[in-house]
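Some notes on the structure that comes next.
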Amino acid sequence: MPTIATWNVNSINARLSNVLEWLGAAKPDVVLLQEIKCQDAAFPREAIEDLGYQVATYGQKSYNGVAILSRWPILDVVRGLPGEPGDEQARYLEATVDGMRVASIYLPNGNPVGTEKFAYKLAWMERLRARAADLLESGAPLVLGGDYNVIPEPIDCHDPKAWEGDALFRPESRRAFRALLHLGLVDAFRALHPHEEHAYSFWDYQKGAFQLDHGIRIDHLLLSPAAADRLVACAIDKEPRRRPKASDHTPVVATLEDRP
DNA sequence: ATGACGGAACATTTCCGA
């Protein structure tokens, strides 16, 4: 059965050996990467192609950058989130793989609240909602995966009080995330594990956060009804976060039934 | 109130992230 993963790698070149090892061990079929932190030409394409993946990237210098890896051809690629032609931040890459429309999403952080950065986050989320609504019209399977930089509910963080007021947990951010769900999108992990606590996908590098399990769940796979109907498993793989030179995020992996 | 870690780059310091 096909698996699709999302992983914010916090620089693909700093993380290459960890990424190659994980691809070889977990053997995901489709991978949505965020924060590749390089331009397209600097992406280590050959090393990943050698493992049997096709590669599409949408990079920029130093910051942001997203990519899609797939065992199947990557078709009809859209670079950038529609709705704001002047937006030069590389945070959205969309394509068709194995009959599914997929997108790799690196949603803006939005801190500090009260600045143009928070306004950009909320505007970006509205653009994403509009794009998702368009994509849902076809009824084809759709997977919107990535680093949403949103803690959906108190259960999704170790200490809700510590996150009060942060852009990741502000009511406006959570409401905009719920607006995506209200379109009919399903949070794959939470749908299958409705009460699971300490299910985190990010732990800060500082203050021993990983060892203390002071994490947050901000990396999400949102599935359209046609994709959610095929959902059989969703897991957070903490193994890459334990390794030396780890990203501060770890992969989230969904398993879908074969196409009917 | 600040820093703590870690990455990139016009780099021995600054900007950014969550």
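Residue numbers start from 1 in every chain, and the chains themselves are labelled A, B, ... in the order their sequence lines are given, proteins ahead of strands.
- In this structure, Arg217(A) places its CZ atom 16 Å from C1' of dA18(B), rounding to the nearest Å.
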Can you pull every protein N or O that's under 3.5 Å from an N or O on nucleotides 10-15 of chain B?
| from | atom 1 | to | atom 2 | distance (Å) |
| --- | --- | --- | --- | --- |
| dC10(B) | OP1 | Lys61(A) | NZ | 3.4 |

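- Nucleotides dA1(B) and dC5(B) place their P atoms 22 Å apart, quoted to the nearest Å.
- Nucleic acid contact for Tyr106(A): sugar-phosphate only, since backbone atoms but no base atoms lie under 4.0 Å from a heavy atom of the residue.
- Following rounding to the nearest Å, Lys207(A) (NZ) and dC5(B) (P) show an atom-to-atom distance of 11 Å.
- Note: CZ (Phe210(A)) to P (dA18(B)) measures 18 Å, nearest angstrom.
- Look at CZ on Arg241(A): it is 13 Å from P on dC5(B), rounded to the nearest Å.
- Comparing dA8(B) with dA18(B), their P atoms sit 15 Å apart, to the nearest whole Å.
- When each of dA4(B), dA18(B), dG7(B) is scored by its nearest atom to the side-chain atoms of Gln206(A), the top-ranked nucleotide is dA4(B).
- In terms of the side chain to side chain donor-acceptor pair (under 3.5 Å) criterion, residue partners of Arg174(A) (sequence neighbours excluded) are, by chain and number, Glu153(A).
- Remark: Leu168(A) in residues 155-172 of chain A come within less than 4.0 Å of DNA chain B through at least one heavy atom.
- Partners of Asn149(A) according to the side chain to side chain donor-acceptor pair (under 3.5 Å) rule, which considers only residues two or more places apart in sequence or in another chain, do not exist here.
- Lys117(A) comes within 4.0 angstrom of the backbone, heavy atoms only, and of no base.
- Within the structure, a side-chain polar atom (N or O) of Asn109(A) is placed less than 4.0 Å from OP1 or OP2 of dA18(B).
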Distance-only check: which donor-acceptor pairs under 3.5 Å involve side-chain atoms of residues 79-86 of chain A, not counting sequence neighbours?
| from | atom 1 | to | atom 2 | distance (Å) |
| --- | --- | --- | --- | --- |
| Arg79(A) | NH1 | Asp40(A) | OD2 | 3.4 |
| Arg79(A) | NH1 | Thr57(A) | O | 2.8 |
| Arg79(A) | NH2 | Asp40(A) | OD2 | 3.2 |

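- For Ser11(A), the side chain to side chain contact (heavy atoms under 4.5 Å, CB included) partners are Asn13(A), Ala14(A), Lys37(A), not counting sequence neighbours.
- Rounded to an integer number of Å, the gap from OH of Tyr200(A) to P of dA18(B) is 18 Å.
- To the nearest whole angstrom, the two P atoms, one in dG3(B) and one in dT14(B), are 12 Å apart.
- Between Ile216(A) and Asn10(A), the residue anchored closer to the 5' end of DNA chain B is Asn10(A), taking for each the nucleotide with the nearest heavy atom.
- For Asn64(A) and dC16(B), the shortest distance from a side-chain N or O to OP1 or OP2 is not below 4.0 Å.
- OP1 and OP2 of dG6(B) both lie 4.0 Å or more from every side-chain N or O belonging to Arg15(A).
- The shortest distance between the side-chain N/O atoms of Lys37(A) and the OP1/OP2 oxygens of dG17(B) is not below 4.0 Å.
- For dA18(B), one of the phosphate oxygens OP1 or OP2 lies less than 4.0 angstrom from a side-chain nitrogen or oxygen of Asn149(A).
- For the P atom pair drawn from dG6(B) and dC10(B), the interatomic distance equals 23 Å after rounding to whole Å.
- Note: NE2 (His249(A)) to P (dC5(B)) measures 18 Å, nearest angstrom.
- Applying the 4.5 Å side-chain rule to ILVMFWY residues, one finds that Val78(A) remains a lone member of its cluster.
- Applying side chain to side chain contact (heavy atoms under 4.5 Å, CB included) to Arg101(A) and the options Leu144(A), Val143(A), Asp76(A), Leu75(A) leaves one that passes, Asp76(A).
- Under 3.5 Å, the side chains of Tyr205(A) and Asn10(A) contain a donor-acceptor pair of N or O atoms.
- Annotation: dA4(B) and dT13(B) have their P atoms spaced 14 Å apart (nearest Å).
- Here dG17(B) presents its P atom at 11 Å from NZ of Lys121(A), a figure rounded to the nearest Å.
- Under the side-chain hydrogen bond (donor to acceptor under 3.5 Å, both in side chains) criterion, the residue pairs touching residues 115-125 of chain A are Asp87(A)-Tyr120(A), with sequence neighbours excluded.
- Looking at heavy atoms from C-beta onward, Phe118(A) lies in side-chain contact with Ser173(A) at the 4.5 angstrom threshold.
- Here Tyr53(A) pairs with Arg71(A) under the side chain to side chain donor-acceptor pair (under 3.5 Å) rule; sequence neighbours left out.
- If you take CG of Asn13(A) and P of dA8(B), they are 7 Å apart, rounded to a whole angstrom.
- For dG7(B), the OP1/OP2 oxygens have a side-chain nitrogen or oxygen of Lys245(A) closer than 4.0 Å.
- Atom CG of Asp156(A) is separated from atom CD of Glu197(A) by 10.5 Å, given to the nearest 0.5 angstrom.
- The residue among Cys38(A) and Glu35(A) whose nearest nucleotide of DNA chain B lies closer to the 5′ end is Cys38(A).
- Residue contacts shown for Asp248(A) are absent, as no nucleic acid heavy atom lies under 4.0 Å away.
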